[in-house]
Amino acid sequence: IISIEEISGKGLKLTKNIGDNKIDILAGNDSLLEMFNVSFEKCKSVGTIVYLSVNKKCLGNIVIRDEVKETSKEIIEFLNKKCNTVMLTGDAKDVAELIAKEVGIKEVKSQLLPKEKYEYLKELINNKNGKVCYIGDGINDAPALKLSDVGIAMGGSGSGSAKETADIVIMNDDLMKIKETKRVAKYTKKIIVQNIAMSLGIKF
């Protein structure tokens with residue numbers, strides 16, 4: 001018999017019965033192991049740390065780190081000239097701050113649960129001076145994409161929920177398309193205003 005439980009923001013717990021023996025397997029972050037009182041030595045590597053425990057004995061860990069795209073720094077520099085950039089992530093603080101520093105993001109909010117991302121964005125929108133754009137690709141980003149003034153999802157790596165909820169979907173996951181999207185939107189608005197002005201002018 002196997003039961004799998006997902007613990008939000010922490011990881012997975014798997015329970016398997018083999019005869020009269022019960023095996024509990026944990027795979028997740030340090031909070032998960034602390035939650036089940038598992039003794040372990042914290043990994044000091046920079047990245048997302050996934051610990052593996054069997055019957056409250058830590059067997060080791062895996063270090064995962066996303067590779068920063070070459071165009072990320074360029075697009076963040078472009079956005080910083082137009083607005084304030086904020087990273088909302090569930091990753092560890094050191095990982096988030098390292099990536100933010102590498103690409104030039106102004107503000108970082110790390111170790112956030114999906115609900116906390118939503119609440120922070122909601123507060124940001126309530127206190128905004130302009131429009132709020134949210135960029136995400138995960139299933140947990142769907143509520144935030146829906147809440148924002150403009151939601152942008154990744155078409156290649158993005159989840160189905162994120163793509164369905166977003167206002168704009170970048171099919172090839174190239175963040176530089178944000179720059180192109182802004183240019184097209186600005187040009188389209190200009191054409192619309194011209195058309196309305198000409199229509200009203202002809203009627204008068």
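Throughout, residue positions are numbered sequentially from 1 according to the sequence presented. Computed from a prediction, not measured in an experiment: that's the story for all the values here. Because only heavy atoms are used, hydrogens play no part in the values below, and waters and symmetry mates are left out as well, while side chains stay in.
- No side-chain heavy atom of Lys186 sits less than 4.5 Å from a side-chain heavy atom of Lys190.
- The CG atom of Asp91 sits 12.0 Å away from atom CG of Leu88, with the distance rounded to the nearest 0.5 Å.
- Of all non-hydrogen atoms in Ile25 and Val54, the two that sit nearest each other are CG1-CG2, 4.2 Å.
- Leu113 is listed as a side-chain neighbour of Glu116, based on a closest heavy-atom distance under 4.5 Å.
- Under the side-chain contact (heavy atoms from CB on, under 4.5 Å) test applied with Asn195, the options Ile192, Val193, Ile191 reduce to a single match, Ile191.
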Is there a side-chain contact (heavy atoms from CB on, under 4.5 Å) between Val169 and Met154? Walk through the geometry before answering. CA-CA 6 Å; Val169 178; Met154 301 296 109; over 6 Å; no
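- Tyr118 and Val150 fall into different hydrophobic clusters, where Ile, Leu, Val, Met, Phe, Trp and Tyr are joined by side-chain heavy atoms under 4.5 Å apart, directly or via other members.
- Scanning both residues, Gly155 and Asp173, for their nearest heavy atoms gives N-OD1, 3.2 Å.
- Taking all atoms of both residues into account, the shortest heavy-atom contact from Val50 to Ala27 is CG1-C, 4.4 Å.
- Residues Lys117 and Asp141 are paired through a salt bridge, judged by an N-O separation under 4.0 Å between the basic side chain and the carboxylate.
- What you find for Cys58 and Ser39 is that their closest heavy atoms are CB-O, 3.7 Å.
- Here Ile75 contributes atom CD1 and Leu175 contributes atom CG; the two are 7.0 Å apart, rounded to the nearest 0.5 Å.
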Show your reasoning for whether side-chain contact (heavy atoms from CB on, under 4.5 Å) applies to Leu112 and Lys109. CA-CA 7 Å; Leu112 297 178; Lys109 297 293 180 182; 3.7 Å; yes
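- Counting heavy atoms from C-beta outward, Leu26 and Val38 have side chains that approach closer than 4.5 Å.
- Leu147 and Tyr134 fall within a single hydrophobic cluster, where Ile, Leu, Val, Met, Phe, Trp and Tyr are joined by side-chain heavy atoms under 4.5 Å apart, directly or via other members.
- Look at Glu180 and Arg183 and you find a salt bridge, because one of the NZ, NE, NH1 or NH2 atoms lies within 4.0 Å of a carboxylate O, short of that distance.
- Linking ILVMFWY residues whenever their side-chain heavy atoms come closer than 4.5 Å, directly or via other members, places Leu98 and Val68 in the same cluster.
- In terms of heavy atoms, Ala142 sits closest to Thr165 at O-CG2, 3.2 Å.
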Do Ser3 and Leu14 pass the side-chain contact (heavy atoms from CB on, under 4.5 Å) test, and can you show the C-alpha distance, the side-chain angles, and the key distance before you say yes or no? CA-CA 6 Å; Ser3 66; Leu14 183 146; over 6 Å; no
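- Considering only heavy atoms from C-beta on, Glu74 comes within 4.5 Å of Met176 through its side chain.
- No continuous path of hydrophobic side-chain contacts links Val132 to Ile152 [ILVMFWY only; heavy atoms under 4.5 Å].
- Taking SG of Cys133 as the start and CD1 of Ile168 as the end, the distance is 6.5 Å to the nearest 0.5 Å.
- Contact of the Glu5 side chain with the Leu12 side chain is not registered, since no non-hydrogen atoms from C-beta on lie closer than 4.5 Å.
- Of all non-hydrogen atoms in Ile125 and Ser148, the two that sit nearest each other are CD1-CA, 3.8 Å.
- Inter-residue side-chain proximity for Met87 and Ile99 is flagged as met; some heavy-atom pair is nearer than 4.5 Å.
- Checked against side chain to side chain contact (heavy atoms under 4.5 Å, CB included), Asp24 has the following partners two or more places apart in sequence or in another chain: Lys13, Thr15, Lys22, Asn55.
- Under a hydrophobic clustering in which Ile, Leu, Val, Met, Phe, Trp and Tyr are joined whenever their side-chain heavy atoms come within less than 4.5 Å, directly or via other members, Ile178 and Ile105 fall into the same cluster.
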Check: residues 28-37 side-chain donor-acceptor pairs under 3.5 Å, at least two apart:
from	atom 1	to	atom 2	distance (Å)
Asn29	OD1	Ser31	N	3.2
Asn29	OD1	Leu32	N	3.2
Asn29	ND2	Gly9	O	2.9
Asp30	OD2	Lys42	NZ	3.2

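- In this structure, the side chains of Ser53 and Leu59 stay at 4.5 Å or more apart for every pair of heavy atoms.
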